[in-house]
Amino acid sequence: MSKHYWLFKSEPTAYSFADLMDEPKQTAEWDGVRNYQARNFLRDEIKEGDYVLFYHSNAKPTGVVGTAVVVRNGYPDHTAWDPNSEHPDPKSSPEKPIWYMVDIRGQVELEKTVTLAEMRSTPSLENCSIFTRPRLSVHPITYEEWDIILKMGSPLFKTI
DNA sequence: GCCAACGTTGGC
DNA sequence: GCCAACGTTGGC
């Protein structure tokens, strides 16, 4: 059972990495995903103990800002059948859930944001899912990509 | 099952 | 605010 690596996108005006770190136990439900491909990852593949890069989209600048770890496997997203939630879906119900979420716990804020522009100009990241599948909000990434991005965001660590 | 229209994401 | 790239919807 090897760990897998993921990149989760969030608009910081909606939910930022700082918001996650302000939660009790730095833990939150990753709710509101309403895309089938991302849903499949959340429901079937993302497991407790997997690592997550937290990415800010529609930000200045956009990029990876921190890390998190998955603390609960996929389970039905109850906000879908709450008409007062931000992403209601009347087709989903407790009996027949459509959408899923995991819980994540914030770990470390990067020393510096690894911007999308920096990642785009890094040849070893050219096959990264964020470039090959634009607009997806949950991406699988490789260990190599995880490692490269973390080092880009940790210049002090890198020089030790 | 095809595909046009429409909606959303998200970089710029 | 613009718009490219996709995903979804619904008529046929």
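Keep in mind it's a predicted model, so treat the numbers as computed, not measured. Chain letters run A, B, ... following the sequence lines, proteins first, then strands; residues in each count from 1. When reading the values below, keep in mind they use all heavy atoms of this one structure, side chains included, and skip hydrogens, waters and symmetry mates.
- Across the protein-nucleic acid pair, Asp89(A) atom CG and dG7(C) atom P stand 18 Å apart, rounded to whole Å.
- Side-chain N/O atoms of Lys9(A) include one lying less than 4.0 angstrom from OP1 or OP2 on dG10(B).
- Along DNA chain C, the nucleotide nearest Lys91(A) and the nucleotide nearest Arg135(A) are compared for position; the residue whose nucleotide lies closer to the 5' end is Arg135(A).
- Between the CZ atom of Phe8(A) and the P atom of dG10(B) there is a distance of 14 Å, given to the nearest Å.
- dG10(B) atom C1' lies 14 Å from atom CG of Leu7(A), rounded to whole Å.
- A straight line from NE2 of His87(A) to C1' of dT8(C) spans 17 Å, rounded to a whole angstrom.
- Asn73(A) and Glu48(A) share no donor-acceptor pair across their side chains, judged by distance under 3.5 Å alone.
- Checking Asn58(A) against Arg133(A), the closest nucleotide of DNA chain C that is more toward the 5' end is the one next to Asn58(A).
- Atom CG in Leu136(A) sits roughly 17 Å away from atom P in dT8(B) (whole-Å rounding).
- Between Phe131(A) atom CZ and dC6(C) atom P the separation is 14 Å, expressed in whole Å.
- Aromatic pair Phe54(A)/Trp6(A): ring centres not closer than 6.0 Å.
- Counting non-hydrogen atoms under 4.0 angstrom, Tyr55(A) reaches the backbone sugars and phosphates but no base.
- Put simply, CD1 on Ile130(A) is 17 Å from P on dA5(C), counting in whole angstrom units.
- Heavy atoms of Arg120(A) sit under 4.0 angstrom from primed sugar atoms or phosphate atoms, though from no base atom.
- Distance Trp99(A) CH2 to dG7(C) C1': 10 Å, rounded to the nearest Å.
- Geometric assessment of Arg133(A) against the ring of Phe131(A) yields a negative cation-pi assignment under the 6.0 Å and 45° thresholds.
- Although no hydrogens or angles enter the test, the distance criterion places a donor-acceptor pair under 3.5 Å between the side chain of Asp19(A) and the main chain of Ser16(A).
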